[in-house]
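What follows is one structure encoded as structure tokens, with my remarks underneath.
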Amino acid sequence: MIKNDIRSVLKQALENCYQQGALTSGEFPAEIQLEVPKNPEHGDYATNLAMMLARSEGKAPRRIAEVLAESLRADALFDAVEIAGPGFINFRLAVGYWAKVLHHIYAEQEQFGRSQVGAGVKVQVEFVSANPTGPLHIGHGRGAVVGDALAAILAAAGFDVQREYYINDAGNQVQTLGRSILLRLRELQGKVIDFPEDGYQAAYVTELAEGLRQEQGELADLNEEEAISRCTRFGVDQILKWIDTDLKAFGIHFDNWYSEQSLYDRDMVEQELGRLKEKGLTYEEDDALWLRTTEFGDDKNRVLIKSDGSYTYFASDVAYHLEKFDRGFDRVIDVWGADHHGYIPRMKAMLKGFGLPAAALEVLLIQMVNLLRDGQPFVMGKRSGNFITLREVIDEVGRDACRFFFLMRRCDSQLDFDLELAKQNSSDNPVYYVQYAHARICSINRNAAAVGMEQPTLAQFDFSYLTLAEEIALIRQLSRFPEAIEGAALHYEPHRLVFYLQDLAALLHSYYNRHRVLDEDAQVTSARLYLVNAVRIVLANALGLLGVSAPEQM
RNA sequence: GCGCCAGUAGCUCAGCUGGAUAGAGCAACGGACUUCUAAUCCGUAGGCCGGGGGUUCGAAUCCCUCCUGGCGCGCCA
């Protein structure tokens with residue numbers, strides 16, 4: 001990648017300066033910072049290296065920059081090396097470099113943009129993990145898309161990625177579901193029931209009970225506890241099928257579905273808690289077993305086993321997470337709803353107490369989604385069952401728009417999701433803006449083919465016909481795609497790719513409006529076709545990582 | 001009361017580990033379709049980056065404090 005090339009050139013220049021005595025401190029910054037200047041007049045890349053060295057060298061930044069620049073100007077990588085502002089060194093890449101970028105894209109095709117920064121690191125992304133007590137709603141959708149896109153981006157950056165869904169199929173919530181189903185079943189049988197307030201009121205519970213009707217005879221023979229257990233199992237299985245179906249409609253698949261109940265079935269909770277005990281991290285008090293999380297940054301200690309002998313939810317979660325590391329993951333990423341943020345300190349404390357590095361667990365908090373229709377908030381009540389399911393939203397606005405909207409914002413800021421806006425086929429809708437750029441290029445290709453113009457090959461491509469500022473700007477943006485993926489991966493920020501895409505699409509539309517690709521001059525046409533098809537490849541690659549389609553025609 | 005997240009143009013939001021003149025879309029206003037799809041483009045206007053202090057060559061970004069909004073603070077899951 002170009003940034004690394006520049007870095008090594010800089011490092012070499014610095015070494016030269018030290019050897020020649022032009023600079024004396026002998027200091028090498030841990031990482032040489034390279035940035036893309038906001039103002040294009042400041043070149044393609046810039047470094048603040050001279051400013052960083054100012055203190056140890058005891059010289060003015062601009063003088064240090066001058067010394068470094070002298071050594072850098074000889075390098076063939078650059079057309080220009082300039083000193084500017086308080087001591088920035090600005091680089092303008094040599095023209096020949098841009099031709100190489102295009103060749104590189106053609107050589108790599110759908111692989112272009114991938115890197116190896118994450119090579120050898122095994123990472124798990126756990127996301128959605130919604131309780132199997134009801135259909136997915138809109139909030140789950142955001143977490144689902146963010147987790148899915150992040151996993152794809154991490155994989156593109158070379159990480160070894162696994163997508164996992166944790167099924168909370170043990171404990172009170174699913175018991176309550178089972179009880180609710182049983183009650184509805186009895187109601188269907190004509191019995192008078194007293195439905196509890198903390199039961200699941202929504203209509204789908206009755207739907208599930210309907211599904212059990214054929215077995216009602218059998219169920220009647222069971223005692224209450226066994227009947228509830230049967231209802232629970234049926235309900236959970238059925239709801240998980242719904243969830244899986246909805247996720248598939250959203251283009252999301254998991255490598256692994258991990259059952260909480262299986263932790264108990266395999267005595268994993270007992271075993272993992274035993275390991276915590278051995279490390280002296282637990283103590284007994286008031287007939288309960290506690291974990292000393294306060295010693296590692298939590299504000300209070302946490303109960304693992306209640307005084308009645310049952311495990312807390314935290315206990316199984318501890319076991320679950322410890323087992324993730326047993327499974328060999330170097331890094332574990334959890335995608336949670338922001339309302340669970342209070343849970344992070346105890347989880348991190350537990351891992352820290354266990355001797356795992358703080359960075360081993362990364363929790364991505366997904367902020368709330370405010371559903372709007374024509375600018376008016378859509379109020380949803382959870383218990384009442386008055387909510388919009390994810391499926392309904394996907395069916396209404398479409399998978400592409402839905403995914404794109406969820407990815408448009410940084411995930412730790414709240415998101416306004418306007419159903420009408422997401423549906424509009426207009427300039428208000430950023431999804432189409434990007435997709436249209438792709439479709440336009442495909443359209444140009446069809447027109448080129450219609451007049452017998454062939455797609456240029458590497459051998460036919462003549463870079464000297466690409467002389468316009470807009471053309472160089474496009475290639476510059478293309479060259480930054482690998483950096484965009486790497487940044488999105490290392491910072492766990494899929495939205496960066498959305499912004500990258502919008503910038504690239506904007507450059508393409510602007511170019512399209514100002515200049516014709518299919519020109520009178522065959523040579524010019526050929527070179528431009530080569531360029532726009534490189535753009536097409538990158539648009540498709542980026543959209544692919546986000547799980548949004550790249551249509552050939554709109 | 002304590003903690004987490006947020007506060008940037010009228011609205012919705014970017015701003016990468018502190019960098020050069022704070023950006024984009026929408027809305028507003030003015031333009032561009034006999035020309036590869038106008039789902040597009042070009043231009044104008046719009047800002048004490050919530051307030052106040054500090055750190056330094058340099059702060060929207062880091063620290064302190066206050067204000068506002070959202071969400072959490074169970075031997076619930």
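Since the structure is predicted, the reported quantities are computational estimates derived from the model, not experimental observations.
- Using modelled atom types and a 3.5 Å distance limit, the side chains of A:Tyr465 and A:Asp521 yield no donor-acceptor pair.
- For B:rC41, one of the phosphate oxygens OP1 or OP2 lies less than 4.0 angstrom from a side-chain nitrogen or oxygen of A:Tyr433.
- A:Arg410 comes within 4.0 angstrom of the backbone, heavy atoms only, and of no base.
- Within the 4.0 angstrom heavy-atom criterion, no nucleotide atom of any strand lies near A:Phe314.
- A stacking contact between A:His341 and B:rG72 is absent: the pair does not combine a ring-centre distance of less than 5.5 Å to the base's six-membered ring with planes differing by less than 30°.
- For the P atom pair drawn from B:rG52 and B:rG70, the interatomic distance equals 24 Å after rounding to whole Å.
- Side-chain proximity of A:Lys306 to the nucleotides B:rU17, B:rA14, B:rC75 is greatest for B:rC75.
- Checked for salt-bridge contact, A:Lys423 and A:Glu396 meet the test: a charged N lies under 4.0 Å from a carboxylate O.
- Within 4.0 Å of A:Arg516, counting heavy atoms only, lies at least one base atom of the nucleic acid.
- Note on A:Asn168: nothing from the nucleic acid sits closer than 4.0 angstrom, heavy atoms only.
- Within 4.0 Å of A:Met51, counting heavy atoms only, lies at least one base atom of the nucleic acid.
- Judged by Watson-Crick or G-U wobble contacts below 3.5 Å, the nucleotide B:rC62 has B:rG54 as its partner.
- Across all strands shown, B:rA14 has no partner, as no Watson-Crick or G-U wobble contact with both distances under 3.5 Å is found.
- Other residues, nucleotides and ligands contribute at most 12 non-hydrogen atoms within 6.0 Å of the CD atom of A:Glu41.
- Within 4.0 Å (heavy atoms only), A:His515 reaches at least one base atom of the nucleic acid.
- Distance check on atom P: B:rC29 versus B:rU68 gives 37 Å, rounded to whole Å.
- With both pairing distances under 3.5 Å, B:rG43 is matched to B:rC29 as a Watson-Crick or G-U wobble pair.
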Ring pair (Phe, Tyr, Trp, His ring centres under 6.0 Å) evaluation trace for A:Tyr165 with A:Tyr258: CA-CA 6 Å; A:Tyr165 188 118; A:Tyr258 194 103; over 10 Å; no
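- Base engagement by A:Ser443 is indicated by at least one non-hydrogen atom pair under 4.0 Å involving a base atom.
- Considering only side-chain N and O atoms, A:Ser510 lies under 4.0 angstrom from the phosphate OP1 or OP2 of B:rC42.
- A gap of 7 Å separates the P atoms of B:rG50 and B:rG7, to the nearest Å.
- Here A:Ala170 lies in heavy-atom contact (under 4.0 Å) with sugar-phosphate atoms only.
- At a threshold of 4.0 angstrom between heavy atoms, the contacts of A:Gln553 include nucleobase atoms, whether or not backbone atoms are also involved.
- A distance of about 30 Å separates the C1' atoms of B:rG15 and B:rG30, rounded to the whole Å.
- No hydrogens or angles considered: nothing links the side chains of A:Gln173 and A:Thr133 as a donor-acceptor pair under 3.5 Å.
- As judged by a 4.0 angstrom heavy-atom cut-off over every strand, A:Ala437 is placed among residues making no nucleic acid contact.
- Of all nucleotides present, none satisfies the Watson-Crick or G-U wobble test against B:rA38 with each distance under 3.5 Å.
- Comparing the C1' positions of B:rA6 and B:rU44 gives a spacing of 33 Å, expressed to the nearest Å.
- A donor atom on one side chain and an acceptor atom on the other are found under 3.5 Å apart for A:Asp169 and A:Ser259.
- The gap from the C1' atom of B:rU8 to that of B:rG3 amounts to 25 Å, rounded to the nearest Å.
- Residue-to-nucleotide proximity on RNA chain B shows that, of A:Val36 and A:Asp286, the 5′-proximal contact is made by A:Val36.
- No donor-acceptor contact under 3.5 Å links the side chain of A:Asp503 to the base of B:rA14.
- The same atom, C1', is picked in B:rC67 and in B:rC11; the two are 23 Å apart, to the nearest Å.
- Summary of the strand contacts: A:His495 and A:Asp287 both lie near RNA chain B, and taking for each the nucleotide with the nearest heavy atom, the more 5' one is attributed to A:His495.
- Spacing between atom CG of A:Leu365 and atom P of B:rC5 amounts to 9 Å, rounded to whole angstrom units.
- For the P atoms, the distance from B:rA45 to B:rG25 is 15 Å, rounded to whole Å.
- You cannot call A:Phe88 stacked on the base of B:rG19; the centres under 5.5 Å and planes under 30° rule is not satisfied.
- The structure places CG of A:Leu531 at 9.0 Å from CZ of A:Arg528, a figure rounded to the nearest 0.5 Å.
- Using a 4.0 Å heavy-atom distance criterion, A:His491 is classed as a sugar-phosphate-only contact.
- In this structure, A:Asn370 reaches neither bases nor backbone, as no heavy-atom distance under 4.0 Å exists between it and the strands shown.
- Among the heavy atoms of the strands lying under 4.0 Å from A:Ser307 is at least one base atom, whether or not backbone atoms are also near.
- The residues A:Glu66 and A:Arg63 are annotated as not salt-bridged, no charged nitrogen and carboxylate oxygen being separated by less than 4.0 angstrom.
- B:rG72: Watson-Crick or G-U partner is B:rC2, with both key distances under 3.5 Å.
- Looking at A:Asp339, its side chain has no donor and acceptor atom pair within 3.5 Å of the base of B:rG72.
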